[in-house]
Amino acid sequence: MALPAGFALLQAGRDFVLGVELDSSDQEIVRAYRLARPAGLAAPAPLPSGTVPAGDPDVRTRMFADMSGILMSQEMFYSNHATYTASADSLGARLDSGAELVLLSGDKRHWVGLLYDRATRTTCGVSVGFPAPVGWLDGTPFCGR
């Protein structure tokens with residue numbers, strides 16, 4: 001799937017994407033696009049019964065709090081080593097949500113990390129520094145499923 005040029009993804013849902021675009025006057029516009037599935041492509045499997053839906057505010061609140069701690073830990077690591085780390089073990093961050101931390105990259109200019117909660121299949125991500133992955137807002141955590 002390709003996103004429209006200039007569209008900054010904020011949330012991806014089962015059948016939509018939500019994001020921000022700049023109009024011709026450089027004003028931010030919040031936009032949602034419906035996702036149409038090609039014929040024959042099955043919808044994502046539903047959550048197993050008894051699990052918390054990804055939209056549960058308590059799950060996201062705990063994961064956002066963990067992401068704030070990870071952001072702080074990365075900045076502390078940077079202040080001591082003049083580089084960001086790609087090793088989650090190097091941060092020593094405490095994760096109260098029970099989510100798993102995966103750092104996708106880390107160098108002198110930027111880092112990208114994800115939190116994944118297996119019980120709800122919720123993923124939160126953040127990118128700090130230039131260049132951010134396409135559709136990610138620099139330094140702004142977001143969650144989705």
Taking all non-hydrogen atoms of both residues into account, name the closest pair between Leu101 and Ala88 and its distance.
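That closest heavy-atom pairing would be CD2-CB, 3.8 Å.
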Do the non-hydrogen side-chain atoms of Ile29 and Val20 ever get within less than 4.5 Å of each other?
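Not touching, per the 4.5 Å side-chain cut-off.
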To the nearest 0.5 Å, how far apart are [atom1] in [X] and [atom2] in [Y]?
| X | Y | atom1 | atom2 | value |
| --- | --- | --- | --- | --- |
| Thr122 | Arg62 | OG1 | CZ | 10.0 Å |
| Leu103 | Trp111 | CG | CH2 | 6.5 Å |
| Gln74 | Thr83 | CD | OG1 | 8.5 Å |
| Phe64 | Cys124 | CZ | SG | 5.5 Å |
| Leu115 | Met63 | CG | CE | 5.0 Å |
| Tyr84 | Ser90 | OH | OG | 15.0 Å |

Given a cutoff of under 4.5 Å between side-chain heavy atoms of I, L, V, M, F, W and Y, with clusters grown through shared members, what are the other residues clustered with Met72?
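Cluster partners of Met72: Met76.
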For Tyr116 and Val102, what are the C-alpha separation, side-chain angles and deciding distance, and is it a side-chain contact (heavy atoms from CB on, under 4.5 Å)?
CA-CA 8 Å; Tyr116 179 68; Val102 178; 5.9 Å; no
Residue pairs involving residues 99-108 (criterion salt bridge (Lys or Arg N to Asp or Glu O under 4.0 Å); sequence neighbours excluded)
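Every pair satisfying salt bridge (Lys or Arg N to Asp or Glu O under 4.0 Å) with a residue in residues 99-108: Glu100-Arg118.
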Quick one: do Leu104 and Leu114 satisfy side-chain contact (heavy atoms from CB on, under 4.5 Å)? Show the steps, please.
CA-CA 7 Å; Leu104 302 176; Leu114 297 172; 3.8 Å; yes
Does Ser73 have any side chain to side chain contact (heavy atoms under 4.5 Å, CB included) partners at least two apart in sequence or in another chain, and if so, which?
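Once residues adjacent in sequence are excluded, the partners of Ser73 under the side chain to side chain contact (heavy atoms under 4.5 Å, CB included) criterion are Leu91, Ala93.
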Does a side chain donor of either Asp66 or Ser97 reach within less than 3.5 Å of an acceptor in the other side chain?
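Distance-only check passes for Asp66 and Ser97.
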